[in-house]
Every structure is written in structure tokens, then in C-alpha cells.
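Here's the structure, in C-alpha cells; my notes come after.
Heavy-atom basis, side chains included; hydrogens, waters and symmetry copies ignored.
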Amino acid sequence: MLEAVGVSPFDETVYRAVLSGQQCTVGDLARSAGAGVARTGQVLKRLADLGLVRRVGRGRWEAVSPRSALAALLHRRRSEAETMYGEVEAELSGLHRLYWANQLSSDPEALVEVLSDPETIARRIDEVNRSVTTHLWTLDKPPYLDAVGQPHFHEQERTTTRDWVERGVDVRGLYCPESIASPGRMETVLRLAALGEKSRMLRRLPFKARIVDRRVAMVPLTGGSKESIVLVHPSGLLDGLIELFEAYWERAEPLLAHQVEEGPGEEDLVLVRLLHAGFKDQAIARQLGVSVRTATRRVAALMRTLDADTRFQAGVRARERGWI
């Protein structure tokens, strides 16, 4: 039972014997465990090194409280496992690059995978997304393979993002006005940011792409992802895509402020972001699922809240308050 924390079955037998007695002698424990005194003494030293027992006198031992001792041991093992996992991940990245460097030298066409069959595209995208461990960087721009704008897709996107963030993945999304044109999309993007996605906005993105773990990039060949995409493996081309993403990232504006003194309601936050992105009342109405008249009324109310006479001034006031 305790092998997961480094205690062998026989060591556990001796440990249970210590737990059952009071300041046991080595001889008592040896008889209880059915082993020799020398072997039992060695076990006790191992258990003491693990913090499970302690010597209380010449040849006498007692147990440390299992709740505190085993909890500390479990925490130590978990930390060691996490450290080892990180080291293996780093080594795996290096081995993967070495593999692709060799592939590239022997077969330059291995630099990229060109995919044109819709079923193959969907399968490979799913495979790459499932392999995410450290980084997921996205240049988000339509058209999309999935039903962006539909409620079930929004929920799936939130669930997947929450899982990545909880696993410590560096999730970054770079959006443009076209990214949030679908009804309800801006609200979803803001919720992704609230979940932990690092989200920023640019006025324009020239193409869409997704970079996974800094080891592979998925890029459409014809602007969208429905017809054909390429998977770019470790190479100078991948390094260039990574640097390009980082350059765009530096130019973009965060979707959520780090500190907001007078936080707006969720509806106002969505509205001010839509205004800042340059959306007109008709497009705002589609996003919010309301009539144009209602959208116009909400914009006017927000401008009164911000004490702004123009939309530009509203953007300035919103920035001053840390809303954008």
C-alpha cells in the first residue's frame, strides 16, 4: 500500500508493528515481523530516514504520527515527481528537435506536413491539441473548422482552456475584430481570459496559426483551415513563426486589465471591449443578441457612465479606469 511513497511491503510490516506497540525494542519488532534482528534494525533506519519512526532510547523505537509523517512524505514524493516530470519534458523537447533535425537532413520534405483531406486535417489537429503540455499560442482568425459562435462550442472551448490552465500550460490567444464577429464570441473570449488564458487584441492579423509546445505549428495554406494546412516541425521556419508570434504579442493590447479600481458589470465589460474594437451598433447588437435600438441605448448608457461625449472619449475614460 505504501510502495508509492518508497516503503516496501516488508518495511511496511515492520512499520505497522511499531504503530501497534509502545516504544518497541528491535527484538520485539523482529519477532512480530518474523525476521532477524539485524534486518529489522536496517528497516528501522530506513523508516527513520523517511520520518516515519524515531529512536526513543537504546534499542527502542516509536512511530511518528502517521497523519503528519505520511503527509510530509507524500508531499516530498509529489514534488520529486513534478521535478522529474519537468526534467523529462525538457529532455523530450531536446530529443524531438534532434529527431527532426536528422529527419530534415535526410529528407527536407519532413520539415512540413501538408494536409488537404478534411478528415485528416480534423484528426491531426485533434492529435496535436491532445498533446499540449507546456505552450499553446494561437493567432485567432476566421474561417474556422469548428462551429464558432454556437453555444456548445463556447462551452467546449471554456472547458478545454480551463483544463490547460490548471495543468500549467502557457495559453495565449491573439485576437482581431474578425475573431469576435460571431454572436456571443466576445463574451466567450473574455471568459477565457478570466479562466487564465493570456488574451490580447490586434487590429489586424495577417494569418491564423497555432503553436504547440514550441515544437510544432499549424498554419493554413489558403487563409482558412477548411482546405489545407501545414504542420511545421522544429526548424528555422518554426523558429521564425515563434518569433513572429512574440512580436505580434508585444504589439497587442491585453483584453483584461490586471487591476480594475471600479470594475464594470459583465455586460458593460463586453460592451466597452466591442466599442474599443471598433464595432458599430449593428455589429454590437449581433454580438449581444439584442435589437440595434437596444444596443444603441446600452452604448449611450455606458457613455453616460463614463461621462464621455464621443466613443473615442469613452475609450479613453475606460482605459483610465483600467477597463481596457
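Evaluation of the ring pair (Phe, Tyr, Trp, His ring centres under 6.0 Å) test over residues 116-138, restricted to residues two or more places apart or in two chains, returns H135-W137, W137-F245. Pairs of residues two or more places apart, or lying in two chains, that qualify as salt bridge (Lys or Arg N to Asp or Glu O under 4.0 Å) and include a residue from residues 168-177 are D170-R172, D170-K198.
Within a 6.0 Å sphere centred on CD of E119, other residues, nucleotides and ligands contribute 12 heavy atoms or fewer. Counting heavy atoms of neighbouring residues, nucleotides and ligands inside a 6.0 Å radius, atom CD of E246 exceeds 12 of them. Other residues, nucleotides and ligands place more than 12 heavy atoms under 6.0 Å from the CZ atom of R167.
For the residue pair L238 and A217, the shortest heavy atom distance occurs at CD1-CB, 3.7 Å. Closest of all the heavy-atom pairs between M186 and L274 is CB-CD2, 3.8 Å. Counting all heavy atoms, side chain and backbone alike, L136 lies closest to V212 at CD1-CG2, 3.7 Å. Nearest heavy atom pair, residue L271 against residue R298, reads CD2-O, 3.5 Å. When all heavy atoms of R200 and P254 are compared, the closest pair comes out as CG-CA, 3.8 Å. Contact between T138 and R210 at its shortest, heavy atoms only, is OG1-NE, 3.3 Å.
The closest side-chain heavy-atom distance from V299 to I284 is below 4.5 Å. Counting heavy atoms from C-beta on, the side chains of L139 and Y248 come closer than 4.5 Å. Counting heavy atoms from C-beta on, the side chains of L244 and W249 never come closer than 4.5 Å. Residues R204 and C176 are not in side-chain contact: their nearest non-hydrogen atoms beyond the backbone lie 4.5 Å or more apart. Between L221 and I229 the shortest side-chain heavy-atom distance does not fall below 4.5 Å. Contact check for T160 versus R158: no side-chain heavy atoms found under the 4.5 Å cut-off. Inter-residue side-chain proximity for E157 and T188 is flagged as met; some heavy-atom pair is nearer than 4.5 Å. The side-chain heavy atoms of T134 and R214, taken from C-beta on, include no pair separated by under 4.5 Å.
In this structure, CG on L192 lies 9.5 Å from CG on D140, to the nearest 0.5 angstrom. N129 contributes atom CG, which lies 11.0 Å from atom CZ of R124 (distance to the nearest 0.5 angstrom). Atom-to-atom distance recorded for R297:CZ and L302:CG is 14.0 Å, nearest 0.5 angstrom. Atom-to-atom distance recorded for S179:OG and L174:CG is 9.0 Å, nearest 0.5 angstrom. Annotation: the span from D49 atom CG to L44 atom CG amounts to 11.0 Å, rounded to 0.5 Å. Between the CD1 atom of I125 and the CD1 atom of I121 there is a distance of 6.5 Å, given to the nearest 0.5 Å.
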Take E197 and R162 through the test salt bridge (charged side-chain N to carboxylate O under 4.0 Å, His left out) and record every step on the way to the result. CA-CA 8 Å; E197 178 185 85; R162 184 186 296 109; over 6 Å; no
Worked verdict on L241 versus V232 for side chain to side chain contact (heavy atoms under 4.5 Å, CB included): CA-CA 9 Å; L241 287 170; V232 183; 4.1 Å; yes
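Looking only at atom types and distance, the side chain of R215 has no donor-acceptor partner in the side chain of T133 under 3.5 Å away.
In the hydrophobic cluster analysis, where Ile, Leu, Val, Met, Phe, Trp and Tyr join through side-chain heavy atoms closer than 4.5 angstrom, L205 is grouped together with F207.
Between the side chain of T305 and the main chain of A301, a donor-acceptor pair closer than 3.5 Å is present.
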